[in-house]
A.B. asks: 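I have a structure I would like to understand better, so I am pasting it below and will then ask my questions one at a time.
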2 protein chains.
Amino acid sequence: MSEHQLLPLLTGPPPERRDAARNREALLVAARELVERDGVQAVTMDAVAAAAGVGKGTVFRRFRSKEGLMAAVLDHSETEWQRLLLFGPPPLGPGAPPWERLVAFGRSRLETTLLHADLIRAAGAAGTRSSAAYSLVAMHVRYLLAELGVTGDLPLLATALLAPMEIPILDQQLHNDGFPIDRVHAGWVDLARRIVGDAAPPR
Amino acid sequence: MSEHQLLPLLTGPPPERRDAARNREALLVAARELVERDGVQAVTMDAVAAAAGVGKGTVFRRFRSKEGLMAAVLDHSETEWQRLLLFGPPPLGPGAPPWERLVAFGRSRLETTLLHADLIRAAGAAGTRSSAAYSLVAMHVRYLLAELGVTGDLPLLATALLAPMEIPILDQQLHNDGFPIDRVHAGWVDLARRIVGDAAPPR
DNA sequence: ATAGAAAACGGACCATGGTCCGTTTCGTCC
DNA sequence: GGACGAAACGGACCATGGTCCGTTTTCTAT
């Protein structure tokens, strides 16, 4: 029988060859280890290739660029946080009223972003934008805003709420301006309150 | 007389040697030309050095890095816009009521940022942050907010209003999400209205 | 004008991200 | 199991940003 695809199931992207999958995994492990040990900056692609026992070309075929590789590492690091967001205890996880969830989200996201700051920077555009991670976060904020009865262009309002949490802006506020973290967080809550408007609880 | 500094006037940074000044100017001219002709991406530091008729080391001593050089070019490009902001006709320039000035600022800044997008990206941290250009913009927004009677942490609110105008966020909205420019601008005005609150004119 | 120190110069050199292409491995079909 | 095409491999190679250090220019003081 030449038609092996009996059931046209989910026609996703073509499957990965076994050696390819093995190398991807080896590279991710090696990259995580090196990043943890030496810091993102000090990790070279040659080093990752060597540590994984593959050629340099393979690294780039799998991950396109250093940004791509770092984005993959970052994605792994953020998984635990995403789990807490979706299934963890309130107020970050489901169960608390939306405003409390939003405030908890703000603080938690701020801390997580700072924790992974180097990785996020190194992942560049491949990291924040377009990755599943970002979509999830944006969707979550849109959902909370809707839940709070906010009217208007929700996708844009969500973006406006997320923009001040981006690394370049945080760097500016914390390092250039010298604002303490608590002030930045308080500012974010204030912004959220103004965006949410009447639907926010009285202070 | 060994004390040449008769009048201690403005003790600014030590003056620049004549050859240094000449080379800085030559480099800026060369860089501007090459950037305009070939686009930021295609311009190499070697090419700039050659075009300016100086050694490569000189380029890096003057501007630290490619980012630094691009920041300098950008600064020059933004000068005209700054002049319009400070001294041009209303509603962008002085003379119009603060809310009208704020809205005009939003549109104009959005357009200018997109116009210089490549340069801003290439200037990286050296470009937006810390440069005089950014300080001026932030100060202007703080001023308008104060003028509108906004209460709260003005520096943070100004940041919140500027953050969605940063290149990474705009890229996301225009390219990934595919929003048209007008929608983005409308969203920004809406955000501004929510931040300003009661002090904004009724729609 | 001259000497001497400080600053700037220039281009060979280095590090590293990314590409290319001849060779090897994998999966499939008979 | 063997043959064959497709995909993956690996490491030499390239491009380019950035550094280093011996040489040259500028500035100041006498």
Side-chain angles (χ1 to χ4, degrees), chain A residues 1-6 12-28 30-31 34-35 38-73 121-127, chain B residues 1-6 12-28 30-31 34-35 38-73 121-127:
Chain A
M1 56 188 82
S2 65
E3 196 51 38
H4 195 218
Q5 184 92 27
L6 289 182
E16 204 169 47
R17 251 170 58 169
R18 250 215 318 293
D19 50 350
R22 181 159 26 87
N23 284 339
R24 145 169 286 129
E25 197 49 32
L27 282 167
L28 273 175
L34 289 182
V35 164
D38 303 339
V40 176
Q41 277 275 13
V43 175
T44 73
M45 295 302 262
D46 294 84
V48 174
V54 306
K56 194 180 181 177
T58 302
V59 189
F60 284 91
R61 191 166 336 90
R62 281 283 94 69
F63 298 99
R64 304 275 312 209
S65 62
K66 186 170 186 182
E67 290 197 354
L69 177 58
M70 290 311 155
V73 173
R121 264 187 292 265
Chain B
M1 57 187 83
S2 64
E3 196 51 39
H4 194 220
Q5 185 94 23
L6 288 181
E16 204 170 47
R17 249 171 58 169
R18 248 214 322 291
D19 50 353
R22 182 162 22 91
N23 284 339
R24 145 168 287 129
E25 198 49 33
L27 283 167
L28 274 175
L34 289 183
V35 164
D38 304 338
V40 175
Q41 277 274 13
V43 174
T44 73
M45 295 302 262
D46 294 82
V48 175
V54 306
K56 195 179 182 178
T58 301
V59 188
F60 284 92
R61 192 168 332 90
R62 280 284 93 70
F63 297 98
R64 304 277 311 209
S65 62
K66 185 171 186 180
E67 290 198 353
L69 177 57
M70 290 311 156
V73 172
R121 265 188 292 265

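The sequence lines fix the lettering, A, B, ..., with proteins before strands; numbering per chain opens at 1.
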A.B. asks: Name the residue from A:Arg62, A:Arg61, A:Arg22 that meets the salt bridge (Lys or Arg N to Asp or Glu O under 4.0 Å) definition with A:Glu16.
C.D. replies: A:Arg62

A.B. asks: Atom CG of A:Leu69 and atom C1' of C:dG18: how far apart are they, to the nearest Å?
C.D. replies: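 Checked: the CG to C1' distance equals 13 Å.
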
A.B. asks: Does the side chain of B:Arg18 get closer than 4.0 angstrom to OP1 or OP2 of D:dT25 through an N or O atom?
C.D. replies: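 B:Arg18 to D:dT25 OP1/OP2: no side-chain N or O under 4.0 Å.
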
A.B. asks: To check you understand the geometry: which heavy-atom pair defines the closest contact between B:Phe60 and B:Met45, and what is its length?
C.D. replies: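 The answer is CZ-CG, 3.8 Å.
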
A.B. asks: Within this structure, what is the CE-to-P distance between B:Met45 and C:dT16, rounded to whole angstrom?
C.D. replies: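 Taking CE of B:Met45 and P of C:dT16, I get 19 Å after rounding.
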
A.B. asks: Between A:Glu16 (CD) and D:dA7 (P), how many Å, whole number?
C.D. replies: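 Rounded to whole Å, this separation is 13 Å.
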
A.B. asks: What integer distance in Å separates B:Asn23:CG from C:dA7:P?
C.D. replies: 17 Å

A.B. asks: Using atom CZ of A:Arg17 as one end and atom P of D:dA8 as the other, report the distance to the nearest whole Å.
C.D. replies: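 So the two atoms are 6 Å apart, to the nearest Å.
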
A.B. asks: Looking only at non-hydrogen atoms, find the nearest pair between B:Ala31 and B:Val73 and report the distance.
C.D. replies: CB-CG2, 3.8 Å

A.B. asks: Send over the distance from B:Phe60 CZ to C:dG11 P, rounded to a whole Å.
C.D. replies: 15 Å

A.B. asks: Find the distance A:Arg61:CZ to D:dA8:C1' and express it as a whole number of Å.
C.D. replies: 5 Å

A.B. asks: Quick one: do A:Val35 and A:Met70 satisfy side-chain contact (heavy atoms from CB on, under 4.5 Å)? Show the steps, please.
C.D. replies: CA-CA 9 Å; A:Val35 164; A:Met70 290 311 155; 4.0 Å; yes

A.B. asks: If you look at every strand shown and take non-hydrogen atoms under 4.0 Å, does B:Arg62 touch a base, only sugar-phosphate, or nothing?
C.D. replies: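 Sugar-phosphate contact only.
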
A.B. asks: Which is true for B:Lys66 with a 4.0 Å heavy-atom rule: it touches a base, it touches only sugar-phosphate, or it touches nothing?
C.D. replies: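 Sugar-phosphate: the residue B:Lys66, judged by heavy atoms under 4.0 Å, touches backbone atoms but no base.
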
A.B. asks: Starting at the 5' end of DNA chain D and moving along, which residue's nearest nucleotide shows up first, B:Val43 or B:Arg22?
C.D. replies: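 Final value for this comparison: B:Val43.
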
A.B. asks: Using atom CZ of B:Phe63 as one end and atom C1' of D:dT19 as the other, report the distance to the nearest whole Å.
C.D. replies: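 Distance check: B:Phe63 CZ to D:dT19 C1' gives 18 Å.
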
A.B. asks: Measure from the side-chain heavy atoms of B:Thr44 and tell me the nearest of D:dA7, C:dG17, D:dG17.
C.D. replies: D:dG17

A.B. asks: Can you name the nearest heavy-atom pair linking B:Asp38 to B:Ala42, along with the distance?
C.D. replies: O-CB, 3.5 Å

A.B. asks: Is there a side-chain contact between B:Thr58 and the phosphate of C:dA8, meaning an N or O under 4.0 Å from OP1 or OP2?
C.D. replies: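 Result: no.
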
